[in-house]
*Asks:* 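Have a look at the structure that comes next, please.
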Amino acid sequence: VQLQACGGGLVQAGGSLRLSCTASRSIFSMNVMGWYRQRPGKQREFVATISTIGGTAYADSVLGRFTISRDGAKNTVYLQMNNLRPEDTAVYYCNAELYQNYWGQGTQVTVSS
């Protein structure tokens with residue numbers, strides 16, 4: 001499984017970005033797809049996931065600000081990020097679980113204060 005992520009960039013605090021992750025196969029064949037991030041000097045951490053049946057989960061730090069969604073016709077999972085904060089600055093990684101973990105290349109999100 002190959003994952004292609006895009007949509008990162010530089011934004012001011014309070015702004016929005018939408019990340020996209022396109023898979024090389026049907027996203028409905030995955031058990032779970034999601035987003036993780038690695039902030040400077042920190043370990044990679046969970047951000048949000050969406051299951052095959054559409055159930056979602058979020059880290060407490062992004063709940064109410066970020067929304068994960070998907071478009072099966074495009075084999076794409078999105079992460080809409082609103083009200084961004086400087087502490088959201090990180091490299092964001094797309095993840096898919098199907099017997100093992102698959103990772104896309106990271107996309108940098110930088111939030112200036």
Side-chain angles (χ1 to χ4, degrees):
V1 179
Q2 294 182 328
L3 304 172
Q4 182 70 38
C6 64
L10 173 64
V11 64
Q12 289 187 330
S16 299
L17 284 173
R18 188 177 78 159
L19 305 183
S20 300
C21 173
T22 300
S24 60
R25 59 184 290 173
S26 171
I27 59 174
F28 295 112
S29 67
M30 312 298 176
N31 295 328
V32 178
M33 291 195 69
W35 292 93
Y36 290 72
R37 68 186 181 187
Q38 188 162 13
R39 293 185 278 185
K42 304 285 188 179
Q43 291 190 335
R44 193 174 297 188
E45 62 182 4
F46 161 75
V47 175
T49 54
I50 185 166
S51 71
T52 302
I53 61 173
T56 58
Y58 297 92
D60 289 345
S61 59
V62 307
L63 192 62
R65 301 187 298 121
F66 291 10
T67 303
I68 190 169
S69 62
R70 62 188 178 183
D71 184 337
K74 296 181 179 180
N75 289 335
T76 299
V77 173
Y78 303 99
L79 185 68
Q80 177 66 43
M81 306 185 293
N82 297 330
N83 192 19
L84 283 160
R85 304 167 180 169
E87 54 264 38
D88 294 318
T89 294
V91 178
Y92 284 72
Y93 295 92
C94 179
N95 171 267
E97 294 180 19
L98 179 63
Y99 308 118
Q100 67 180 73
N101 275 307
Y102 298 90
W103 295 96
Q105 88 289 0
T107 185
Q108 176 71 46
V109 172
T110 302
V111 185
S112 63
S113 57

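Throughout, residue positions are numbered sequentially from 1 according to the sequence presented.
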*Asks:* Should we say atom CD of Gln2 is surrounded by more than 12 heavy atoms from elsewhere, each under 6.0 Å from it?
*Replies:* no
*Asks:* Is Leu63 linked to Val32 within one hydrophobic cluster, defined over Ile, Leu, Val, Met, Phe, Trp and Tyr using a side-chain heavy-atom separation of less than 4.5 Å?
*Replies:* no
*Asks:* State, to 0.1 Å, how close Ser61 and Arg85 come at their nearest heavy-atom pair, and which atoms those are.
*Replies:* O-NH1, 4.0 Å
*Asks:* Are Tyr102 and Gln100 close enough that some pair of their side-chain heavy atoms sits under 4.5 Å apart?
*Replies:* yes
*Asks:* Give every residue pair that meets the disulfide bond (SG atoms under 2.5 Å apart) criterion with at least one member in residues 76-113, sequence neighbours excluded.
*Replies:* Cys21-Cys94
*Asks:* Where is the tightest heavy-atom contact between Gln105 and Ala5, given as atom of each residue plus distance?
*Replies:* NE2-O, 2.6 Å
*Asks:* Would you indicate whether the side-chain heavy atoms of Tyr58 and Arg65 approach each other to under 4.5 Å?
*Replies:* no
*Asks:* Without hydrogens or angle criteria, can the side chains of Thr110 and Thr89 be said to hold a donor-acceptor pair below 3.5 Å?
*Replies:* no
*Asks:* Does a donor on one side chain and an acceptor on the other come within less than 3.5 Å for Asn75 and Thr22?
*Replies:* no
*Asks:* Going from CD on Gln4 to OG1 on Thr107, what distance comes out if it is rounded to the nearest 0.5 angstrom?
*Replies:* 9.5 Å
*Asks:* Return the CD1 to CG distance between Ile27 and Leu98, rounded to the nearest 0.5 Å.
*Replies:* 13.0 Å
*Asks:* Using the rule that Ile, Leu, Val, Met, Phe, Trp and Tyr join whenever any side-chain heavy atoms are under 4.5 Å apart, tell me whether Phe46 and Leu84 fall into a single cluster.
*Replies:* no
*Asks:* Would you give the length of the straight line joining atom OG1 of Thr49 to atom OH of Tyr36, rounded to the nearest 0.5 angstrom?
*Replies:* 6.5 Å
*Asks:* Please tell me if the side chains of Met81 and Asp88 come closer than 4.5 Å, counting only heavy atoms from C-beta onward.
*Replies:* no
*Asks:* Indicate the atoms forming the closest heavy-atom contact of Ser51 with Arg70, along with that distance.
*Replies:* O-NH1, 2.8 Å
*Asks:* With Arg18 as the cation and Tyr78 as the aromatic partner, state whether NZ or CZ is under 6.0 Å from the six-membered ring centre and within 45° of the axis.
*Replies:* yes
*Asks:* Any idea which heavy atoms bring Leu3 and Trp103 closest together, and the distance?
*Replies:* CD1-C, 4.0 Å
*Asks:* I need the Tyr93 OH to Asn101 CG distance, nearest 0.5 Å.
*Replies:* 14.0 Å
*Asks:* Look at the rings of Tyr92 and Phe66 and say which category their plane angle falls in: under 30° parallel, 30 to 60° tilted, over 60° perpendicular.
*Replies:* tilted
*Asks:* What distance do Thr67 atom OG1 and Asn82 atom CG have between them, rounded to the nearest 0.5 Å?
*Replies:* 6.5 Å
*Asks:* Under 4.0 Å between a side-chain nitrogen and a carboxylate oxygen: does that hold for Arg39 and Glu87?
*Replies:* no
*Asks:* With the side chain counted from C-beta on, respond yes when Ile68 and Met33 share a heavy-atom pair under 4.5 Å apart, and no when they do not.
*Replies:* no
*Asks:* How close do Ala48 and Leu79 get, heavy atom to heavy atom, and via which atoms?
*Replies:* CB-CD1, 4.2 Å
*Asks:* Working to the nearest 0.5 Å, report the span between CD of Glu97 and CE of Met30.
*Replies:* 11.0 Å
